[in-house]
Amino acid sequence: MRKFFKPFMLITLLITSVNAFSQTKDIVVPEEILAKAKEWTSALNLSDAAKKSAVENVIAVHLTTIRDWHNDHPSSTVPDGINPLTGNKLSDLDKQIIADSAMPSTVHQSLMDGLKKNLTPEQVETILDKYTIGKVDFTMKGYKAIVPDLTADEEAKILAFLKQAREQAVDYKNMKQISAIFEIYKTKSEQMLNNNGRSWRVLYSAYTKKIKEEKAAKQKQ
């Protein structure tokens, strides 16, 4: 039988935000989620035991809350329809993101408030990177490889978009959803480059051609 862990102090940390959408449902944190929260927090090497415990708890409650919301609001709760921007029929992923995006904003705010209360801005970013498996740095490196002559202004704008994506993405349950959120901001980044007189399609095509040529050259060696 699945075991659960319920710290004595856990409920008091985010009970207000949780009750915003469920007045009767207590937060019961599964052992695997608590273990993940502890693992992420351990990367910060916090010497203050109280802050360490507070960060672990705020992450654990947030992860459990988004899991519970996701499970209680499956894609089937969203009617079939079309994406108004593309005209394409909503996919199951589209509908799940719509359902999950309806989670009260207080849940996200409680996470961010709890992190900022106990951590430095750099440490907060480390935790957000844990949620999103380092997609900001990984994606930024990709842009620099595709557009090696990025200006400082372009790089700053792309980084800002990716950080927006990261903070928004932490409220989604799985990597497919997280990647879909990042795609929104990658599109904005590519539109920005196009508006600056570049052609993202040409740049990306040239990059992929270069990679294929390099791979073929290695195979001949």
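The line from CG of L193 to CD of E190 is 7.5 Å long, rounded to the nearest 0.5 Å. Remark: R166 CZ to D137 CG distance equals 10.0 Å, nearest 0.5 Å. How far OG of S179 is from CD1 of I133: 6.5 Å, rounded to the nearest 0.5 Å. Distance check, rounded to the nearest 0.5 Å: CD1 of I158 to OG1 of T139 gives 10.5 Å. Note that CE of M103 is 12.0 Å distant from CG of D72, once rounded to the nearest 0.5 Å. Within the model, atoms OG1 of T64 and CD of E32 stand 8.5 Å from one another, a figure rounded to the nearest 0.5 Å.
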- Message: One pair to check against side-chain contact (heavy atoms from CB on, under 4.5 Å): D68 and H73. What are the steps and the verdict?
- Response: CA-CA 8 Å; D68 290 349; H73 299 79; over 6 Å; no
- request: Please test I82 against L90 for side-chain contact (heavy atoms from CB on, under 4.5 Å), starting from the C-alpha separation and ending with a verdict.
  value: CA-CA 5 Å; I82 64 169; L90 292 175; 5.7 Å; no
- Given the rule in the side-chain contact (heavy atoms from CB on, under 4.5 Å) test, do I59 and Y131 qualify, once you have shown the distances and angles that lead to the verdict? CA-CA 10 Å; I59 294 171; Y131 271 88; 3.7 Å; yes
*Go through K52 and E56 one step at a time and tell me if the salt bridge (Lys or Arg N to Asp or Glu O under 4.0 Å) criterion holds.*
CA-CA 6 Å; K52 182 173 181 287; E56 289 173 353; 2.9 Å; yes
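A 6.0 Å sphere centred on NZ of K95 holds more than 12 heavy atoms belonging to other residues, nucleotides or ligands.
Between T132 and I181 the shortest side-chain heavy-atom distance does not fall below 4.5 Å. Proximity of L111 to V170: side-chain heavy atoms (C-beta onward) are separated by under 4.5 Å at one or more points. Two residues are said to be in side-chain contact when any heavy atoms from C-beta on lie closer than 4.5 Å; D171 and W69 fail this criterion. Two residues are said to be in side-chain contact when any heavy atoms from C-beta on lie closer than 4.5 Å; I178 and M175 meet this criterion. Looking at heavy atoms from C-beta onward, N83 lies out of side-chain contact with K89 at the 4.5 angstrom threshold. Using a 4.5 Å heavy-atom cutoff, the side chains of P30 and R67 are in contact.
A salt bridge between K173 and D100 is absent, with no side-chain N of the basic residue lying under 4.0 Å from a carboxylate O of the acidic one. We find that D149 and K144 are not joined by a salt bridge, their nearest charged nitrogen and carboxylate oxygen being 4.0 Å or further apart. Contact check on E125 versus K163 returns a salt bridge, with a Lys/Arg side-chain nitrogen under 4.0 Å from an Asp/Glu carboxylate oxygen. Ion pairing of K130 with E39 is absent here, as no side-chain N (NZ or NE/NH1/NH2) approaches a carboxylate O to less than 4.0 Å. Remark: D113 does not engage K117 in a salt bridge, criterion side-chain N to carboxylate O under 4.0 Å.
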Counting only pairs under 3.5 Å, give me each side-chain donor-acceptor contact of residues 202-211, with atom names and distances, residues two or more places apart or in other chains.
{"residue": "T208", "atom": "OG1", "partner": "Y204", "partner atom": "O", "Å": "3.2"}
{"residue": "T208", "atom": "OG1", "partner": "S205", "partner atom": "O", "Å": "2.9"}

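In terms of hydrophobic clustering, with Ile, Leu, Val, Met, Phe, Trp and Tyr side chains grouped at heavy-atom distances under 4.5 Å, L63 and M112 are assigned to a common cluster. Transitive grouping of hydrophobic side chains (ILVMFWY, heavy atoms separated by less than 4.5 Å) brings L44 and V58 into a common cluster. No chain of hydrophobic side-chain contacts below 4.5 Å, direct or via other Ile, Leu, Val, Met, Phe, Trp or Tyr residues, connects F161 to L128. L162 and I127 sit in two unconnected hydrophobic clusters of ILVMFWY residues. Membership requires side-chain heavy atoms under 4.5 Å apart, directly or through other members. Under the 4.5 Å side-chain heavy-atom criterion for Ile, Leu, Val, Met, Phe, Trp and Tyr, V55 and W40 are members of the same hydrophobic cluster.
Here the side chain of S53 pairs no donor or acceptor atom with the backbone of A50 at under 3.5 angstrom. Checking side-chain atoms of H70 against main-chain N and O of I66 turns up no donor-acceptor pair under 3.5 Å. When atom types are taken as modelled, the side chain of E155 and the backbone of T151 share no donor-acceptor pair closer than 3.5 angstrom. At least one donor-acceptor pair under 3.5 Å links the side chain of S101 to the backbone N or O of I98.
Closest non-hydrogen pair, T77 versus A99, comes out as OG1-CB, 4.1 Å. Across L93 and A180, no two heavy atoms sit closer than the pair CD2-CB, 4.2 Å.
Between the side chains of Y172 and Q96, no donor-acceptor pair is found at a separation under 3.5 Å. In the model, D129 has no side-chain atom that pairs as donor or acceptor with a side-chain atom of T126 under 3.5 Å.
Between Y143 and W200, the gap from one ring centroid to the other is short of 6.0 Å.
Taking E183 as the reference, K186 meet the side chain to side chain donor-acceptor pair (under 3.5 Å) condition, with sequence neighbours excluded.
The aromatic rings of H62 and H108 lie perpendicular to each other, with more than 60° between the two planes, well past the 30° mark.
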